[in-house]
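Handing you this structure, nothing more for now.
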Amino acid sequence: MLARYERLIANGELQPDADQRRAAVRLDQLQKELEAETSGGLLAQLFGQKKVRPQGVYMWGGVGRGKSMLMDLFHERLSITEKRRVHFHAFMQEVHQMMRAWRAADPGDPIPKVALDIAQDVRCLAFDEMVVNNSADAMIMSRLFTQLICEQGVTIVTTSNRPPQDLYKDGLNREHFLPFIHLVERELDVVPLNGPTDYRLDRIGGMDTWHIPLGNDATDKVRELFFRLTDFAPEDAEHVPSQELKVGATRKIHVPKSLKGVGVFSFKRLCGEPRGAADYLAIAREFHTVIIVGIPQMGPDKRNEAARLVTLIDALYEHRVKLFATAAADPETLYPTGDGSFEFERTVSRLKEMQSDEYLALGHGTES
């Protein structure tokens with residue numbers, strides 16, 4: 001993959017970046033190790049040599065540093081069939097489903113069985129955006145990944161916005177999660193890409209964040225933005241993946257378009273239906289960029305919708321989520337009269353700040 005990365009720089013498609021190149025060199029080495037393991041596997045078996053699992057890679061850094069791009073190159077160039085790339089959140093949802101199925105079939109410990117099932121056809125498991133937001137995931141990750149890595153010999157490659165020691169920081173019962181951090185630091189090479197340049201900003205440079213009035217022109221602009229941020233081919237727009245975002249133990253939010261940390265929602269589904277802070281916090285934690293389409297101008301009869309918008313914007317703002325929207329009016333005139341219109345002025349102020357270059361340059365998350 002290193003040769004491909006260097007061609008992209010030579011062609012002017014990427015800018016030279018020392019951190020990115022170090023990560024590309026390490027991933028290129030891993031690619032060679034995994035491919036050599038495949039080609040030499042039969043001879044190793046013939047002469048009784050023990051198979052050595054290649055050391056995995058944990059790439060971390062702020063938003064827009066090129067982690068997903070490097071993961072794309074690695075996965076695309078890795079010429080083995082036993083590979084899988086999946087968003088970490090979706091993977092953990094699968095794990096919980098598999099655990100429930102095993103518990104129903106067998107009263108024993110489901111984690112070794114789940115790990116064995118996952119490893120059946122996978123030697124390299126690549127995750128985008130490793131993040132831990134709930135105690136249910138935290139409680140099982142150490143045991144699950146010990147099984148995958150140490151018992152099943154799966155090589156893990158992952159990206160994250162945080163260094164390993166900051167995963168699930170201040171989380172409930174974090175002491176049960178600490179063995180997972182030790183496992184990552186022992187079994188994966190930790191490669192930082194935490195320089196000052198956010199290349200994602202280059203893709204949206206010059207693009208407005210707030211598009212009025214509602215109509216085809218505004219929709220086309222946020223549509224273009226989505227494809228710039230996700231590298232998804234516009235001609236394949238019908239196949240952009242969706243997501244069922246988990247909220248607590250029993251509820252989910254349907255995300256019509258969800259890819260690489262960018263979520264697209266309609267105002268009607270977000271604020272026109274009964275929702276609360278838990279819904280909006282789940283969105284703010286999951287996505288570094290949110291696109292909302294169809295924000296109407298609201299009067300006294302829309303006080304509930306306006307109140308939900310206030311709660312939504314608070315969650316996005318506090319998690320430094322980038323917001324792009326199509327709306328019927330500027331923030332100042334979205335909700336001029338009605339219950340809570342005075343309090344709405346704080347939301348107007350936040351919406352204006354969220355359009356600034358300074359806000360857009362902030363990394364995703366609640367920590368400074």
Side-chain angles (χ1 to χ4, degrees), residues 204 207-226 242-258 262-360 362 364 366:
I204 61 177
M207 294 193 74
D208 292 331
T209 62
W210 195 266
H211 299 277
I212 60 172
L214 295 174
N216 291 336
D217 184 57
T219 301
D220 287 345
K221 286 177 179 174
V222 294
R223 182 177 183 273
E224 178 188 353
L225 174 92
F226 177 85
S242 60
Q243 180 181 342
E244 299 300 321
L245 177 62
K246 191 174 180 180
V247 181
T250 59
R251 292 192 300 111
K252 295 179 180 178
I253 299 173
H254 178 68
V255 188
K257 306 292 183 185
S258 172
V262 183
V264 181
F265 302 85
S266 71
F267 176 87
K268 184 176 180 180
R269 293 295 296 271
L270 272 187
C271 300
E273 300 176 356
R275 298 198 183 279
D279 301 78
Y280 302 138
L281 284 172
I283 291 169
R285 289 167 177 157
E286 179 74 7
F287 299 103
H288 60 70
T289 301
V290 165
I291 298 172
I292 304 175
V293 295
I295 301 177
Q297 194 167 29
M298 294 169 283
D301 61 319
K302 298 287 186 183
R303 64 183 183 277
N304 291 332
E305 289 85 343
R308 292 183 195 119
L309 181 61
V310 168
T311 306
L312 169 62
I313 297 305
D314 283 347
L316 300 183
Y317 179 87
E318 288 163 7
H319 285 75
R320 304 188 298 200
V321 176
K322 294 173 175 62
L323 173 66
F324 296 84
T326 67
D330 284 319
E332 295 89 337
T333 55
L334 270 185
Y335 186 57
T337 61
D339 292 346
S341 59
F342 178 79
E343 291 79 5
F344 194 83
E345 292 178 8
R346 180 171 64 93
T347 298
V348 171
S349 176
R350 288 192 163 185
L351 285 171
K352 300 297 285 185
E353 182 182 344
M354 292 168 81
Q355 298 178 42
S356 69
D357 291 340
E358 291 79 10
Y359 180 88
L360 292 171
L362 296 173
H364 180 222
T366 58

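Only a predicted model underlies this, so the values are computations on that prediction, with no experimental measurement involved.
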- Indicate yes or no: at least one non-hydrogen side-chain atom of T209 is less than 4.5 angstrom from one of L360. yes
- Do M354 and W210 come close enough that some side-chain heavy atom pair is under 4.5 Å? no
- Side chains of I283 and L270: closer than 4.5 Å at any heavy-atom pair? yes
- Message: Any carboxylate oxygen within less than 4.0 angstrom of a Lys/Arg side-chain nitrogen, looking at K352 and E332?
- Response: yes
- Answer whether the closest heavy-atom distance between the side chains of I253 and F265 falls below 4.5 Å. yes
- Message: Return the CZ to OH distance between R346 and Y317, rounded to the nearest 0.5 Å.
- Response: 9.5 Å
- Note on the structure: Rounded to the nearest 0.5 Å, the CD atom of E318 sits from the CZ atom of R320 at a distance of 12.0 Å
- Query: Sub-3.5 Å donor-acceptor pair from the side chain of D279 to the main-chain atoms of G276, do we have one?
  - Reply: yes
- Item | Distance, nearest 0.5 Å, that separates CG of L334 from CE of M298 | 5.0 Å
- Query: So which of T219, V293, T326 actually passes side chain to side chain contact (heavy atoms under 4.5 Å, CB included) with L214?
  - Reply: T326
- Message: As an exercise, state the distance from CZ of R275 to CG of L312, rounded to the nearest 0.5 Å.
- Response: 10.5 Å
- Would you call I292 and S266 a side-chain contact if the rule is heavy atoms closer than 4.5 Å? no
- Item | Side chain proximity check, F324 to Q355, heavy atoms < 4.5 angstrom | no
- Query: In Å and rounded to the nearest 0.5 Å, what is the NZ to CG distance from K302 to L309?
  - Reply: 13.0 Å
- Item | From SG (C271) to CG (N304), nearest 0.5 Å | 11.0 Å
- Heavy-atom side-chain proximity of V264 to S258 below 4.5 angstrom: no
- Message: Restricting to ring pair (Phe, Tyr, Trp, His ring centres under 6.0 Å), what partner residues turn up for F344, sequence neighbours left out?
- Response: Y335
- Message: Run the side chain to side chain contact (heavy atoms under 4.5 Å, CB included) test on L281 and H319 for me, step by step, so that the C-alpha distance in whole Å, both residues' side-chain angles and the decisive distance to 0.1 Å come before the verdict.
- Response: CA-CA 9 Å; L281 284 172; H319 285 75; 3.6 Å; yes
- Note on the structure: Residues A315 and A284: closest non-hydrogen pair is O-CB, 3.5 Å
- Message: Checking the side chain of Q243 only, and the main-chain atoms of K257 only, is there a donor and an acceptor separated by less than 3.5 Å?
- Response: no
- Message: Do the side chains of D208 and K221 get close enough for a salt bridge, i.e. N-O under 4.0 angstrom?
- Response: no
- Message: With heavy-atom distances below 4.5 Å as the criterion, would you say the side chains of R251 and K246 are in contact?
- Response: no
- Query: Counting heavy atoms not belonging to R303, are there more than 12 under 6.0 Å from its CZ?
  - Reply: no
- Query: Does the pair T289 and V321 meet the rule for a side chain to side chain contact (heavy atoms under 4.5 Å, CB included), with working shown?
  - Reply: CA-CA 5 Å; T289 301; V321 176; 5.5 Å; no
- Kindly check if the number of other-residue, nucleotide or ligand heavy atoms within 6.0 Å of CG (N216) is above 12? no
- Which of L323, D314, L316 passes side chain to side chain contact (heavy atoms under 4.5 Å, CB included) with R350? Answer is D314
- Do L245 and H254 pass the side chain to side chain contact (heavy atoms under 4.5 Å, CB included) test, and can you show the C-alpha distance, the side-chain angles, and the key distance before you say yes or no? CA-CA 6 Å; L245 177 62; H254 178 68; over 6 Å; no
- Message: For V255 and F287: C-alpha separation, side-chain torsions, deciding distance, then whether side chain to side chain contact (heavy atoms under 4.5 Å, CB included) applies.
- Response: CA-CA 11 Å; V255 188; F287 299 103; 3.9 Å; yes
- Of the non-hydrogen atoms in P213 and A218, which two are nearest, and what is the gap between them? O-CB, 3.5 Å
